[in-house]
Number of protein chains: 4
Amino acid sequence: MNKIKVGIIGGTGYTGVELLRLLVTHPSIDVALITSRAEAGREVVDLFPSLRGFTDLCFSPPDTELLTACDLVFSATPNGIAMTHARALTAAGTKLIDLAADFRIRDIATWEKWYGMQHACPELVAQAVYGLPEMNRQEITNAMIVANPGCYPTATTLGLLPLVQAGLIRSNNLIVDAKSGVTGAGRGANVASLFSEVADSFRAYGVAGHRHHPEITQNIQSVSKSTVDLTFVPHLVPMLRGIHATIYADLIDLDKSLEDVHHMVSSFYADEAFVDVMPLGSHPDTRSVKTSNMCRIALHKAGGSGKLVILSVIDNLTKGAAGQAVQNMNIMLGLDETLGLMSPAVMP
Amino acid sequence: MNKIKVGIIGGTGYTGVELLRLLVTHPSIDVALITSRAEAGREVVDLFPSLRGFTDLCFSPPDTELLTACDLVFSATPNGIAMTHARALTAAGTKLIDLAADFRIRDIATWEKWYGMQHACPELVAQAVYGLPEMNRQEITNAMIVANPGCYPTATTLGLLPLVQAGLIRSNNLIVDAKSGVTGAGRGANVASLFSEVADSFRAYGVAGHRHHPEITQNIQSVSKSTVDLTFVPHLVPMLRGIHATIYADLIDLDKSLEDVHHMVSSFYADEAFVDVMPLGSHPDTRSVKTSNMCRIALHKAGGSGKLVILSVIDNLTKGAAGQAVQNMNIMLGLDETLGLMSPAVMP
Amino acid sequence: MNKIKVGIIGGTGYTGVELLRLLVTHPSIDVALITSRAEAGREVVDLFPSLRGFTDLCFSPPDTELLTACDLVFSATPNGIAMTHARALTAAGTKLIDLAADFRIRDIATWEKWYGMQHACPELVAQAVYGLPEMNRQEITNAMIVANPGCYPTATTLGLLPLVQAGLIRSNNLIVDAKSGVTGAGRGANVASLFSEVADSFRAYGVAGHRHHPEITQNIQSVSKSTVDLTFVPHLVPMLRGIHATIYADLIDLDKSLEDVHHMVSSFYADEAFVDVMPLGSHPDTRSVKTSNMCRIALHKAGGSGKLVILSVIDNLTKGAAGQAVQNMNIMLGLDETLGLMSPAVMP
Amino acid sequence: MNKIKVGIIGGTGYTGVELLRLLVTHPSIDVALITSRAEAGREVVDLFPSLRGFTDLCFSPPDTELLTACDLVFSATPNGIAMTHARALTAAGTKLIDLAADFRIRDIATWEKWYGMQHACPELVAQAVYGLPEMNRQEITNAMIVANPGCYPTATTLGLLPLVQAGLIRSNNLIVDAKSGVTGAGRGANVASLFSEVADSFRAYGVAGHRHHPEITQNIQSVSKSTVDLTFVPHLVPMLRGIHATIYADLIDLDKSLEDVHHMVSSFYADEAFVDVMPLGSHPDTRSVKTSNMCRIALHKAGGSGKLVILSVIDNLTKGAAGQAVQNMNIMLGLDETLGLMSPAVMP
């Protein structure tokens, strides 16, 4: 059987190596090309020895002709790069999954404000699909461009989606206290991400404003009948992988039992391969999804206040980035959605 | 000069060794005795080599006569032990600082419900003083029994105290999302605290109810004019020391500027040696207080919602336990409150 | 196709959950049974949520009839248990792979000295095969009982095997300075393995003697023409998984070039799927094999002395335990040796 | 009493902040000046909030006039900077302690080979004193320039010094397998020191040659009657602070008892405040010296070979850098050698 040819733009970060980890054993895919200006010519396994024996690719400069020869291209670069490739790729009939933020925000002005640059192809934003399969599966099937969601927005949106859509909770007093492992900060050389700066410590960041806030709000607003007012505070955890979103919401009907809420959310996700609503009383730890494409969700009523507390965990590099990108790829290519993604989480 | 004799009941846990770390270099104190049934006869430095050269004490069985010969006794045992010593100690004129919870909750029924046992000396609870110096300094001065606050309640109460007391925030929609290092779980042998269970992972626990919830509520209610409704969710961080409380509150006057709020809180704590209100824009990390008795607080208005977000960090073993106990001891003995406590945090 | 039925004795430790992680996606295997006296009746996924969706097994008491109905049984218990099952299993024609030490040491007196108990079936030790496929592949093919090697012995033996066998190094001045992640200490509740005891620290242990020393010596002696004198010092690293053996050896021919040595070792392992001799100049990190069944080896001449330094890394739970057990199972059952084991290491 | 004025050149690294941590509470010292070109004008506490309340210094550009106005200057810069200040400082009568390597190697050619630059003041190398007080206390007393030892050389030399000097071990088969926490790699922004690169992993580095090898050899050779041949292999441990040297040596008299060796080493260090020879059977962990100026040493005969194994641990930032620098300062200034350094290690 002929394998489908995919390319990766910008493969030297953690998202890139995670994509490779998933793709080199994917039964239907051939990674034809992986680009990096800085590492062009170097063997991939020289940078990532974990892949020795699984690939003999070298990094190459980003060459439009080679990229458009692929059926599908992942862009795993910093923000602002994918949009410079999008026109050429789509014109050639090559599908694009952007793991950065270039196509996530529908309102161009909002995007330009938060990302501090001019958008290179605003007309393509309108036709791009936000790649959260549990929300937009049908549209992803036919998309030429998929905006792969951010890690915090994935965990948060999956936690809130059924509750907001069913009108069970108030949209104007939502609080998302989110925590991320350090790989979320990327593989760039900067002091703030040094082991000696983050190990054995914990802190919040970006309290006054974070780029994932408008993305989360856009998602929740799209399924809410009333105006969304949501507080989002991210924190940095001294661990490699994992997002833990602790979400606080007010039930509209205070007498609604937790069992009823749990039943509704479980039913909503009953057919989803990658969302696991855990039994009542559970406290999912991030390691329960480490290296897997699963999102695990637990529901509680908090002691004292009776406020609804939703716990939602993912691996930021897998369901929060590369795994979800492969899931989107499977959908876009008409493959089984779970292909190459059904490994249990690594524990411990 | 004759040093003041103190004793420690139950010195084999992390609170015990932290007390010793602070007391062996305290200029006015002589640790006369440290008890442990399980380790009786063993040299302290055999268990804690970090103290080699600083003490030649051996653990001894808890002997009432030796304890009442001390001027002051710390109880660093699990809950339910200090209350069995309290009558004998106070009768003999020996002051008691309990680092566990036996004297923290004024309502005996509430205490018995949360701690699952009958209280051994309810009449002494009434005369015990809750040992948060920034709240109760005057009462501590004259106390025979001080209930040393819990770690989460210390960080949370210091973050909320000036705001609630000044009536700046609504008391009925408070959310405390708190994170703790693993030493908070103690030195007991249990699977859930193994390195291999908590390293490189993150999780919430006790969402449906935690013993520190009634303690926090009691503190906040005591300074609030309206009814307190507070949601408290603790989490476990893969680090040794540190509490980070992220507190969400609604300003009553939405137009109140963050600068005004910051000025008020800064003024409130201006004379406190162990509360540091940081400049606007700060995100204190827990390592900025590691091993020190300091609480650092930062104030933000969250992006989007404008909700007030208070970040409050302490070292759970120092300001959250042994350091605060030494601070209370200094006050109770008429010493300079900061004696033995003025070392900078260890970074990194 | 009918799958082959396997059972697991003692599935509640880290070796047990790693076995399950590998077996639930193994294409030819059905895990029919997993035993635990302490957890009998409990769902496996209740203890290990990482496996939710991959198994609906419950732990059951160890029942001889059910175990002997399996084609092959893994014993993932503490030392001294597998030997009590071995006669019944082999009598019934059920193959046994013991992941503990009951069948590793050929000399019964030595075994009884180091493991502090009487051996229950010394006659079966003689017919058991030491399950290091790179050394004993042929014998494993026909074995009824395989003694799965210890984690330190695996890393060390693979590092030394070709050099000793070829007579390139002196056997009487070997030094193995080995380092292990904390999962190697097991999932038992004990203070020494608490996060708060091992995080952010490093130490040696067992310098005066460790059970893996006679096992390593037995391996090396079996391929050496002269008497082996080997110093072995293990250390504990604050990480979850991984063994790093740093081995110091004297070349017999001091003029032998490092290139020649490297070429010889590379040739020796050229056909091995799970041993990777890295390019000259490499320093393999343990994460380069995390969750994989690979052993990576690098060779150096040390600065100054010119002593040969061999670096050998494995994942203690995979190639050092469960992965190697699956490799042995594949060989014993006549399956492709790599079946179910060809995933890249997880990085980071 | 007038305090003694000291300056710090290059105070933005981990050695700089550790120096400040020790000096701001030192009873006889006033830090008059701390320099950084990159951070000139910025408040020290803005970079290091752990010091809030302890200093109001700002970083300033390195001004020779201000530096020579100090009684003593620490240079905590990268290699190659202190030597450019040395002539001016000594000419002005200002003592210099260099925490980098500019004055450690007596042979200029060797230094220039390993450090890849030309030495700026070779004539001052000859008069500089190597600042290991346990070896050179008398010379340090009168030194104008002290070369503060490297972290690995400190741990290793203290472990070997009494044994080599007494002629108890062979000098030509010494092996030092050393492990360091990540702060040893400094606070520079580089990918290899990112949390996501070093956490949950372990590796060797520099096996073919490391700058501390000639320094260690110089130390050992200076007390040995025969030629030193020493193998040195450093490793990186995922922890913040700490050096653990595991040293392998052959006793010249194989019948010498471990008790005798232990007694000799204990006697050698009996009067040293900062070397602790632990009881037989000990395995010092690095946390037993965390934040303290102590070196702890344990002695073993290894199982099997009977080789002498010396375990030596220090905190790389304290006894391995800033603490030892303060110890040297105390000696050079005629103060009590232990002043400002007598705090117990932080545990855990």
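Convention: sequence-line order gives letters A, B, ...; per-chain numbering from 1. Note that the structure is predicted; figures quoted are calculated from it, not measured.
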Mind checking whether Tyr205(D) and Tyr152(D) have parallel, tilted or perpendicular rings, split at 30° and 60°?
tilted
Report the distance from atom OG of Ser266(B) to atom NE2 of His263(B), rounding to the nearest 0.5 Å.
7.5 Å
Name all residues meeting the salt bridge (Lys or Arg N to Asp or Glu O under 4.0 Å) criterion together with Asp336(D); count only those two or more places apart in sequence or in a different chain, and write none if there are none.
none
Starting at CD of Gln324(D), measure out to CD1 of Ile97(D) and round the result to the nearest 0.5 Å.
10.0 Å
Under 4.5 Å heavy-atom distance to chain B, tell me which part of Thr55(D) shows up: side chain, backbone, both or neither.
neither
Hey, could you give me each pair passing salt bridge (Lys or Arg N to Asp or Glu O under 4.0 Å) that has a residue in residues 339-348 of chain B? Not counting sequence neighbours.
none
Option in Ser288(D), Pro49(D), Pro344(D) with maximal non-hydrogen atom pairs under 4.5 Å from chain B
Pro344(D)
Checking heavy-atom separations under 4.5 Å from chain D, one finds in residues 7-24 of chain B Tyr14(B), Val17(B), Arg21(B), Val24(B)
Would you find a donor on one side and an acceptor on the other, under 3.5 Å apart, between the side chain of His244(D) and the backbone of Leu311(D)?
no
Which bit of Arg241(B) comes within less than 4.5 Å of chain D, counting heavy atoms only: side chain, backbone, both or neither?
side chain
Any idea which of Pro279(D), Ala273(D), Ser282(D) has the most non-hydrogen atom pairs under 4.5 angstrom with chain B?
Pro279(D)
Ranked by heavy-atom pairs below 4.5 Å to chain D, first place among Met278(B), Arg52(B), Met347(B) goes to Arg52(B)
With sequence neighbours left out, write down each residue that passes salt bridge (Lys or Arg N to Asp or Glu O under 4.0 Å) with Arg296(D), or none if nothing qualifies.
Asp276(D)
What is the distance from atom NZ of Lys290(D) to atom CG of Leu240(B), rounded to the nearest 0.5 Å?
5.0 Å
With a 4.5 angstrom heavy-atom cut-off, could you sort out which part of Ser343(B) is near chain D: side chain, backbone, both or neither?
backbone
Could you tell me whether Glu197(B) and Arg203(B) have a side-chain N and a carboxylate O separated by less than 4.0 Å?
no
